[in-house]
Amino acid sequence: MSCNPEGRVPAFARGVRLQRDRVREQWVIQAPERAFIVDDIAAAVLQRVSGDVTLAHIIDDLTTAYDAPRETIASDVLSMVADLVDRQALVWRS
Amino acid sequence: MTLPAPPMSLLAELTHRCPLQCPYCSNPEALEPVAQELSTQEWIRVFDEAADLGVLQVHFSGGEPMVRRDLSELVRHAVRKGLYTNLITSGVLMDSKALGALSSAGLDHVQLSFQDVAPIMAEHIGGMKGAQEKKIEAARLVVADGMPLTLNFVVHRLNVERIPQMFDLAEELGARRVEIAHTQYYGWGLRNRRALLPTREQLQQSEHDVAAARERFGTRMAIDFVTPDYYADEPKPCMGGWGQRFLNITPSGRVLPCHAAETIPGVLFPDVRETGLARIWNESKLFGMFRGTDWMPEPCRSCARKEEDWGGCRCQALALTGRADATDPVCRLSPDRGLVDKAIVQTDDQPFVYRRMGRNAAG
């Protein structure tokens with residue numbers, strides 16, 4: 001674990017993806033044997049998970065897009081990504 | 001009129017052909033012959049309609065879906081429609097060429113079934129010599145490709161004591177998920193219930209072993225545990241409620257709310273060759289028959305759990321009580337619970353009735 005978690009690069013694990021459910025008009029994470037509904041805030045984070053940008057970059061980008069203090073966004077993003085890594089939906093690319 | 005919520009997942013039974021003969025197979029006792037199977041083009045139309053209807057995940061199943069030569073073509077099409085693709089296989093027909101074709105078609109996930117960890121017992125249950133080695137090889141190929149792998153173990157009286165070794169095998173092979181599923185007693189499983197039903201002590205040991213594995217693996221491995229509902233006090237919410245989340249299409253194109261539903265008498269089974277999938281889901285008599293709570297008898301009707309378990313399993317109610325609209329007899333509040341209690345003590349070591357084509361006359 002890097003001492004600066006914002007320097008890490010998250011990526012979707014193979015077999016997991018974010019997808020727009022056009023019929024129900026919501027975002028879902030498609031994963032082995034299940035689909036999770038994600039809210040619009042989580043979707044905004046996950047849309048920026050490309051496998052080649054750092055968390056710092058994602059947080060900066062969200063801070064520009066949404067009118068909220070960077071530290072609030074950073075703490076939300078870090079805990080959400082850690083949770084999804086724990087559930088094997090995301091992995092650390094570096 | 002409000003339309004019912006759209007289905008989440010589709011079980012596509014591509015064929016009933018299978019090299020294995022497991023005595024608890026979820027296929028109906030009357031297996032469908034190859035001549036009646038839907039064509040490639042018919043399945044492609046079904047996947048188009050499923051995606052438009054709101055299905056998110058397609059489970060390619062059988063029989064053994066890998067006997068279909070068009071499997072990777074079907075996967076490729078489903079992927080193109082945005083459907084999540086899961087292959088439910090015995091693995092005995094897997095080789096690097098077949099996996100390569102599936103992987104490049106975009107297959108998302110493989111669920112590989114094992115009958116046991118001990119090869120002799122595994123092959124006794126599956127009825128196929130040499131199967132275990134082929135399955136191990138299949139698992140290695142999937143993991144080497146990088147695709148996520150689930151190992152599925154159906155457990156029963158003859159193998160339930162080896163759950164810890166099942167987890168060892170999953171870890172050794174690099175599986176990300178494990179399903180330990182107690183046998184469900186419909187169709188073939190019901191015919192073999194006396195030989196398969198575990199004892200209460202075995203059930204408790206299995207719960208203990210799964211809890212220990214959860215402790216041991218933490219979040220490294222996702223674990224699904226399906227308990228045998230005969231020993232439960234409350235029924236399971238079968239398929240998440242009749243006609244609420246799930247649809248099953250048989251090899252010949254019949255559309256069912258669950259894989260055992262063809263046992264339900266007095267109703268026409270809709271067919272994708274004749275009717276569009278949306279119309280079947282939204283308007284057919286079959287899908288409407290036990291949807292929601294209006295059909296419920298007492299004690300379900302006034303039960304606080306009626307929107308949790310949806311009255312339990314219709315096919316189990318039918319198989320045990322003769323009435324598809326009865327409360328699932330697993331429920332402690334069912335007047336028919338005695339039938340389940342009686343079955344629990346009626347076990348013996350009778351030989352299996354293996355799942356085979358042409359041996360399915362009423363018996």
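Reminder, nothing fancy here: chain letters follow the sequence lines and each chain counts from 1. Computed from a predicted model, the values in this text were never measured in an experiment.
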Taking side chain as everything from C-beta outward and backbone as N, CA, C, O, which of these in [X] sits under 4.5 Å from a heavy atom of chain A? Side chain, backbone, both or neither.
X        : value
B:Ile88  : neither
B:Leu53  : backbone
B:Arg176 : both
B:Ala51  : backbone

For A:Arg17, does the CZ atom sit with more than 12 other heavy atoms under 6.0 Å from it, leaving out its own atoms?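 Atom CZ in A:Arg17 is packed in, count exceeds 12.
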For B:Arg279, I'd like to know if atom CZ has over 12 heavy atoms of other residues, nucleotides or ligands within 6.0 Å.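 Counting neighbours around CZ of B:Arg279, 12 or fewer heavy atoms of other residues, nucleotides or ligands fall under 6.0 Å, so no.
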Next on the checklist: For chain A, which candidate among B:Gly82, B:Ala222, B:Gly106 shows the most heavy-atom pairs at distances under 4.5 Å?
Outcome noted: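 Ranked by contacts with chain A, first place is B:Gly82.
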I'd like to know which of B:Gly146, B:Ser9, B:Ala5 tops the heavy-atom pair count under 4.5 Å against chain A.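 Looking at each of B:Gly146, B:Ser9, B:Ala5 in turn, B:Gly146 comes out on top.
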Nearest heavy-atom pair of B:Asp52 and A:Val23: which atoms, and what distance?
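Scanning both residues completely, I find the closest heavy atoms to be O-CG2, 3.4 Å.
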Test your reading of the model: is there a side-chain donor-acceptor pair from B:Gln57 to the backbone of A:Ala31, 3.5 Å cut-off?
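Present.
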- prompt: Looking at A:Arg24, A:Arg87, A:Arg20, A:Gln19, which has the largest count of heavy-atom pairs under 4.5 Å with chain B?
  reply: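 Option with the greatest count: A:Arg24.
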Checklist line | side chain to side chain contact (heavy atoms under 4.5 Å, CB included) partner of B:Tyr84, the single match among A:Glu33, A:Arg34, A:Gln30 | finding: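 Only one option passes, and that is A:Gln30.
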query = Quick one: CZ on A:Arg14 to NE2 on B:His109, what's the gap to the nearest 0.5 Å?
reply =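 So the gap between those two atoms works out to 11.5 Å.
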